[in-house]
Amino acid sequence: MYHEKIFDSLTGLFDRNSFLEHTRRTLQNGKKGLALIWFNLDNFKMFNNRFGFEKGDELLKEIAMILGSIFSRNNSARFSDDNFVVLTDWSAAELKIDTVQEYLYSLHENVTLRLRAGIYFPSDYEDVRLACDRAKIACDSIRKNHSVSSCMFHDAMSKELALQQHILDNLDSAVNNNYIKILYQPIVNLSDGKICETEALARWNDPELGLISPGEFIPTLEQYREIHRLDIYAIKNVCRDFYERKEKGLPFLPVSINLSRLDFELCDIFHEIEIAVEINNIPREMLRIEITESVNEENLTVLNLGIEKFRAMGYEVWMDDFGSGYSSLNVLKDYSFDTIKFDMKFLHGFDIDKSEKAKYILSSNLSMARLMGVKALAEGVETSEQLEYLKSIGFDKAQGYYFGKPMNLDEIFKSVN
Ligand code: C2E
Ligand code: MG
Ligand code: MG
């Protein structure tokens with residue numbers, strides 16, 4: 001039967017379905033030694049923002065041209081946005097990936113462009129869609145690892161995928177059955193050494209898998225755009241904990257809650273917090289909103305409006321993990337924060353680093369915060385030496401295992417008294 005090939009209108013390469021069909025036939029015809037390679041550009045959205053969509057389209061066409069010339073157009077496809085997939089002989093796969101990178105680099109010497117590649121070797125009996133997914137998983141796995149530009153799929157990645165699936169399938173039941181608990185970590189005022197507030201941190205105690213760390217479930221929920229459901233749940237729990245203490249006539253402290261920047265897109269997070277605050281009759285100055293610095297430029301306006309709305313209503317807004325990403329300084333310029341939380345990596349190697357470099361970086365960033373009239377909190381304090389130094393240069397607050405790990409609210413107040 002004649003099968004009409006459908007092409008991607010921008011690049012003229014195969015579209016997803018035609019490519020899948022082509023790959024299926026090639027595998028069924030018994031061709032051996034094949035590799036699927038999934039390509040994705042780092043920060044393509046940022047490129048569009050910076051140079052405009054026309055230049056973005058041109059870049060995609062260039063990539064199509066490069067892939068077509070190196071792998072042949074008959075074996076290359078654009079699946080969506082900046083996602084390209086090719087079918088090639090496995091023996092030359094890595095060499096060809098290097099050639100692609102060099103070619104792209106030679107066309108854009110002034111911009112840093114990294115085209116990441118994930119490689120998977122399909123067998124003739126397997127579902128071609130799953131095979132492509134595996135190449136994509138390999139490609140995604142090096143998103144944050146800038147020292148390599150290609151990666152082969154391996155089985156541990158399947159385990160990671162299974163965990164992700166479990167998290168997504170069980171979020172509802174974890175929320176409904178309270179498998180997710182909120183713990184509180186003390187924050188200490190360095191002028192008097194007393195606990196002045198707390199940070200609410202989520203813990204998922206799964207009946208099947210045991211404790212799942214936020215480092216695992218938060219990125220998954222963000223990736224699949226479900227994070228707002230966890231955050232709304234966390235907010236409700238914090239407000240209820242607060243209300244219960246108030247009802248019992250027990251003392252309470254301000255609490256900071258972590259929001260994902262995606263919450264501002266996925267729901268009306270301001271409204272959700274307002275409802276919880278109203279129902280439990282919580283003074284707004286008792287809540288701090290923590291947002292990580294890794295905000296990307298595309299949703300700058302939405303986020304900025306959100307931040308201003310919170311501040312106008314009397315909530316403090318804090319920048320979390322300052323210094324952990326690439327855009328810290330820009331983020332400081334573009335948004336208004338009440339407090340900056342310095343990422344714990346500032347303190348890494350602090351006690352060993354005889355060159356004093358870590359101290360210079362910390363104290364100069366602190367001066368900058370001072371100039372901007374923003375309070376400074378250091379995260380991840382673990383030793384008395386670190387604490388003394390932070391005090392000596394004038395940090396306002398600190399948080400870390402030295403003062404206490406995340407714990408139940410009652411335990412916090414035991415150490416307050
Ligand atoms: P974060 O907001 O920067 O929270 C601080 C993390 O550092 C916590 O990890 C805390 O347990 C850990 N930590 C505190 N002091 C020390 C120390 O002295 N040494 C070391 N090595 N670690 C310390 P945790 O609870 O695993 O949370 C990880 C991240 O997950 C948080 O980083 C936050 O970004 C995110 N997260 C946690 N709960 C929520 C939540 O309910 N919603 C959202 N959106 N994110 C959350
Ligand atoms: Mg935080
Ligand atoms: Mg932090």
Side-chain angles (χ1 to χ4, degrees), residues 174-205 211 213-214 218 228-259 263 269-291 310-318 320 337-339 341 375-382 387 390-391 395-417:
V175 161
N176 294 336
N177 298 308
N178 287 322
Y179 298 146
I180 301 176
K181 299 243 178 296
I182 305 299
L183 295 186
Y184 297 83
Q185 189 176 29
I187 296 173
V188 169
N189 187 336
L190 291 184
S191 61
D192 58 11
K194 292 199 172 131
I195 298 175
C196 54
E197 36 215 313
T198 63
E199 173 174 12
L201 293 159
R203 292 287 172 273
W204 183 327
N205 201 349
L211 206 62
S213 92
I218 305 272
H228 56 300
R229 296 177 51 213
L230 168 82
D231 285 340
I232 292 169
Y233 168 85
I235 289 154
K236 284 184 182 160
N237 275 271
V238 166
C239 290
R240 200 172 312 122
D241 282 352
F242 204 103
Y243 176 81
E244 279 174 14
R245 286 193 69 85
K246 210 164 46 136
E247 283 298 286
K248 291 179 192 156
L250 296 167
F252 41 83
L253 289 165
V255 185
S256 71
I257 49 177
N258 290 281
L259 292 190
D263 292 338
I269 194 68
F270 177 77
H271 181 64
E272 297 289 345
I273 294 182
E274 279 287 290
I275 294 175
V277 161
E278 292 279 344
I279 291 176
N280 295 288
N281 196 16
I282 294 169
R284 291 176 178 79
E285 62 274 16
M286 282 287 161
L287 282 188
R288 287 88 175 80
I289 312 295
E290 284 190 24
I291 300 168
F310 277 114
R311 296 187 80 219
M313 280 304 279
Y315 299 94
E316 285 195 10
V317 180
W318 292 7
D320 202 358
F337 292 100
D338 298 280
T339 291
K341 297 186 81 170
K375 287 217 167 95
L377 185 159
E379 286 189 88
V381 179
E382 291 181 357
L387 171 63
L390 295 169
K391 279 206 287 202
F395 262 86
D396 302 287
K397 300 173 197 173
Q399 177 180 355
Y401 295 165
Y402 182 76
F403 308 104
K405 293 199 168 180
M407 53 186 111
N408 292 324
L409 209 45
D410 291 341
E411 292 175 74
I412 296 248
F413 284 94
K414 270 184 214 149
S415 34
V416 169
N417 296 329

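Note that the structure is a prediction, hence the values are computed from the model and not measured. Atoms considered below: every heavy atom in the structure, side chains included; atoms not considered: hydrogens, waters and symmetry mates.
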Fill in: salt bridge (Lys or Arg N to Asp or Glu O under 4.0 Å) between E274 and R284, intermediate numbers included
CA-CA 9 Å; E274 279 287 290; R284 291 176 178 79; 2.8 Å; yes

With sequence neighbours left out, write down each residue that passes ring-ring contact (aromatic ring centres under 6.0 Å, His included) with [X], or none if nothing qualifies.
X	result
Y233	none
Y184	none
F252	F242

Fill in: Least distance between heavy atoms, S256 atom then I187 atom
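Where S256 meets I187 most closely, the heavy atoms are OG-CD1, 4.4 Å.
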
Worksheet item: Which pair of heavy atoms, one from R203 and one from P406, lies closest together, and at what distance?
Response: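 Minimum heavy-atom separation between R203 and P406: NH2-CG, 3.4 Å.
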
Discussion item. Donor-acceptor check, side chain of D338 to backbone of W318, threshold 3.5 angstrom: yes or no?
Written reply: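 Not confirmed, D338 side chain does not pair with W318 backbone.
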
Would you indicate whether the side-chain heavy atoms of [Y] and [X] approach each other to under 4.5 Å?
X	Y	value
I232	I269	yes
L377	Q399	yes
L230	W204	no
I257	I182	no
N408	L183	yes
Y402	L387	yes

Practice prompt. Might you work through the salt bridge (Lys or Arg N to Asp or Glu O under 4.0 Å) test for K375 and E316, ending with a clear yes or no?
Written response: CA-CA 11 Å; K375 287 217 167 95; E316 285 195 10; 5.7 Å; no

Practice prompt. Could you please spell out the steps behind the side-chain contact (heavy atoms from CB on, under 4.5 Å) verdict for N205 and K181?
Written response: CA-CA 8 Å; N205 201 349; K181 299 243 178 296; 5.8 Å; no

Fill in: Axial cation check for Y243 ring with K246, 6.0 Å and 45° limits
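No; the conditions do not both hold, so K246 does not lie above the ring face of Y243.
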
Worksheet item: How long is the span from the OG1 atom in T198 to the CG atom in L409, to the nearest 0.5 Å?
Response: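 The distance works out to 6.5 Å.
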
Item to complete: Kindly determine whether I291 and D320 satisfy side-chain contact (heavy atoms from CB on, under 4.5 Å), including the steps that lead there.
Response: CA-CA 5 Å; I291 300 168; D320 202 358; over 6 Å; no

